[in-house]
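What follows is one structure encoded as structure tokens, with my remarks underneath.
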There are 2 protein chains.
Amino acid sequence: MLGRLAHVAIAVADLDAASEVYRSRLGATVSAPRALPEHGVRVVLVDLPNTRIELMAPLGEDSPIAKFVAAHPRGAVHHLCFEVDDILAARQRVTEAGGHVLGGGCPMPGAHGKSVLFLDPRDCAGVLIELEEA
Amino acid sequence: MLGRLAHVAIAVADLDAASEVYRSRLGATVSAPRALPEHGVRVVLVDLPNTRIELMAPLGEDSPIAKFVAAHPRGAVHHLCFEVDDILAARQRVTEAGGHVLGGGCPMPGAHGKSVLFLDPRDCAGVLIELEEA
């Protein structure tokens with residue numbers, strides 16, 4: 001079921017500083033920042049040959065990552081996003097195997113316009129997992 | 001400089017339970033556990049089409065991940081490993097850009113026999129980064 005690792009999301013307080021780390025210190029190709037007000041984040045994409053890092057910072061007062069960033073002011077891995085062929089079939093497999101889908105379990109449009117679900121990290125070795133229909 | 005994402009390392013207390021999450025709940029291809037006593041870990045590899053997840057649990061009394069796992073008993077992302085073409089050139093770039101290499105800065109054989117370095121997470125948006133010569 002589990003397909004490609006679509007991205008690793010790293011939440012940070014200072015998006016410009018984190019971009020500069022990946023651009024200058026690590027020599028990666030880094031996009032311009034983009035505001036996604038409907039998701040409460042600003043993002044920068046770090047392109048790698050086989051996948052992507054998404055650097056995210058809170059945007060607005062109700063950002064869903066505000067608490068996480070307050071708890072990890074330097075930054076931390078927020079979630080891993082994996083592609084799946086069929087988001088509803090993936091949901092069925094996860095729940096039948098005892099896993100829990102966050103937010104009521106209904107796939108929503110993610111930051112890239114594809115249908116996504118988030119899985120409870122307590123069921124997934126402590127890591128928040130996003131499933132994205134490829 | 002930054003090449004492929006070689007793996008995402010997730011440290012857990014219970015390696016069998018974490019393997020079962022990826023095998024049964026998420027439907028991934030998961031290796032048998034392997035003990036790496038010289039690195040103080042047991043590992044399970046989760047193969048994805050474009051990269052790999054490494055599930056790691058402490059092995060022995062002096063495991064370098066024992067404290068991390070004690071602090072994150074459910075599990076958490078421990079580090080990201082990126083390939084580089086030339087580990088010494090990578091070290092030079094990182095240090096010239098103000099970054100710090102952990103453990104004295106001398107490349108060591110990693111868990112897969114390749115030369116590796118670890119970068120101080122305080123310089124890298126809060127995330128421990130391993131560089132591995134491809």
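We use all heavy atoms of the structure for the numbers below, so side chains are in, but hydrogens, waters and symmetry mates are not. Residue numbers begin at 1 in each chain, while the letters A, B, ... track the order of the sequences.
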**Study point:** Residues of residues 118-134 of chain A contacting chain B, heavy-atom criterion under 4.5 Å, by residue number
**Key:** A:Leu119, A:Arg122, A:Asp123, A:Cys124, A:Ala125, A:Gly126, A:Val127, A:Ile129
Study note, to complete from the structure: Whatever's closer than 4.5 Å to a heavy atom in chain B on A:Ile53 counts as side chain
Hydrophobic cluster identity match, [X] and [Y], side-chain contacts under 4.5 Å:
{"X": "A:Leu88", "Y": "A:Val94", "value": "yes"}
{"X": "A:Leu2", "Y": "B:Val30", "value": "yes"}
{"X": "B:Leu102", "Y": "B:Met56", "value": "no"}
{"X": "B:Phe82", "Y": "B:Val101", "value": "yes"}
{"X": "B:Leu36", "Y": "B:Ile65", "value": "yes"}

Practice item. Give the member of A:Val21, A:Thr29, A:Asp14 that has the highest number of heavy-atom pairs under 4.5 Å with chain B. Key: A:Val21
Review point. So with a 6.0 Å cut-off around CD of A:Glu61, is the heavy-atom count from everything else above 12?
Key: no
Exercise for review: Would you mind reporting whether B:Val8 and A:Val77 have side-chain heavy atoms less than 4.5 Å apart?
Suggested key: no
Check your understanding: Is there a side-chain contact between B:Met1 and A:Leu26 (heavy atoms, below 4.5 Å)?
Key ->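 When only atoms from C-beta onward are counted, A:Leu26 and B:Met1 do touch, with a gap below 4.5 Å.
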Check your understanding: Checking heavy atoms, do the side chain of B:Val12, its backbone, both or neither come under 4.5 Å from chain A?
Key ->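 Contact with chain A: side chain only.
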Distance check, rounded to the nearest 0.5 Å: [X] atom [atom1] versus [Y] atom [atom2]?
{"X": "B:Arg4", "Y": "A:Thr51", "atom1": "CZ", "atom2": "OG1", "result": "10.0 Å"}
{"X": "B:Arg25", "Y": "A:Thr95", "atom1": "CZ", "atom2": "OG1", "result": "10.0 Å"}
{"X": "A:Glu83", "Y": "B:Leu48", "atom1": "CD", "atom2": "CG", "result": "10.5 Å"}

Exercise for review: Output the option from B:Ala90, B:Pro73, B:Ser24, B:Ala13 having the highest count of non-hydrogen pairs under 4.5 Å with chain A.
Suggested key: B:Ser24
Check your understanding: Under a 4.5 Å heavy-atom cutoff, which of B:Ala18, B:Gly75, B:Gly99 has the most pairs with chain A?
Key -> B:Gly75
Check your understanding: After noting the C-alpha distance and the side-chain angles of A:Leu80 and B:Ile10, does the key distance pass the side-chain contact (heavy atoms from CB on, under 4.5 Å) rule?
Key -> CA-CA 11 Å; A:Leu80 304 180; B:Ile10 298 175; 4.1 Å; yes
